[in-house]
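What's counted below: heavy atoms across the whole structure, side chains too, no hydrogens, waters or symmetry copies.
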Amino acid sequence: STYTFTAGTKTQGCDWLTAHKTAEKWATRTGTYCTGTTLAACPQACGTCCADDPIFTFTLLSEKKQQTCEWLTKNKDREAIRKDKYCKTSSGSTALYGCCATCTL
């Protein structure tokens, strides 16, 4: 993820939340920083995303058709392009919250 947030005096990314060796440190970091935008942008690091929502759908930009999260990875040749186009906002946060597992793989 390209999303960043301020932790103390440093700029950190989602990976920083889990970059340590103890559960206590993870609990402290996630308890302090996994709120609001960071919680939404870092669902796996914050421990809030385990799987895609099976009934979540989104509208394709060009065709105005509804698709499920599965569509993002259905065609392996187009997977990276689809994820680039639909998974991230300009700030790097997850745009398709219902597809958090697929979008963060």
Side-chain angles (χ1 to χ4, degrees):
S1 172
T2 58
Y3 171 79
T4 60
F5 59 95
T6 303
T9 59
K10 295 184 178 181
T11 300
Q12 304 290 355
C14 297
D15 292 344
W16 175 80
L17 293 165
T18 57
H20 48 76
K21 295 181 180 174
T22 67
E24 182 179 327
K25 189 72 156 178
W26 175 82
T28 300
R29 287 182 179 178
T30 57
T32 303
Y33 299 105
C34 286
T35 60
T37 304
T38 301
L39 180 63
C42 306
Q44 285 189 320
C46 290
T48 59
C49 181
C50 300
D52 293 335
D53 179 341
I55 61 170
F56 176 82
T57 61
F58 62 96
T59 305
L60 295 181
L61 299 173
S62 59
E63 301 172 34
K64 306 297 183 212
K65 288 173 50 179
Q66 291 293 112
Q67 291 291 350
T68 63
C69 302
E70 187 177 81
W71 175 85
L72 293 164
T73 58
K74 187 175 171 181
N75 179 333
K76 294 297 178 193
D77 293 336
R78 304 212 28 91
E79 181 176 350
I81 294 165
R82 288 175 176 177
K83 285 183 176 184
D84 254 7
K85 187 173 185 176
Y86 292 100
C87 286
K88 303 293 176 194
T89 64
S90 58
S91 67
S93 62
T94 301
L96 300 177
Y97 296 108
C99 299
C100 61
T102 296
C103 284
T104 55
L105 293 176

Give a yes or no answer on whether the side chain of Thr38 reaches the backbone of Cys34 with a donor-acceptor pair at less than 3.5 Å.
no

Carboxylate-amine/guanidinium proximity below 4.0 Å for Lys76 and Glu79:
yes

How are the rings of Phe5 and Tyr33 set relative to one another: parallel (under 30°), tilted (30 to 60°) or perpendicular (over 60°)?
tilted

Is Leu60 reachable from Leu72 through a run of hydrophobic residues whose side-chain heavy atoms are each under 4.5 Å from the next?
yes

Specify the closest pair of heavy atoms between Trp16 and Ala7, including all atoms of both residues, with the distance to one decimal.
CH2-CB, 3.7 Å

Please name the pair of heavy atoms, one in Cys14 and one in Ala41, separated by the smallest distance, quoted to 0.1 Å.
SG-O, 3.7 Å

For Ser62 and Tyr86 the tightest heavy-atom approach is N-OH, 4.4 Å

When hydrophobic residues are tied together by side-chain contacts of less than 4.5 Å, even through go-betweens, does Leu61 share a cluster with Phe58?
yes

Nearest-0.5 Å distance that lies between atom CZ in Arg82 and atom CG in Asp77
10.0 Å

Verify the cluster assignment for Leu39 and Leu17: are they in a single hydrophobic cluster under the rule of side-chain heavy atoms below 4.5 Å apart?
no

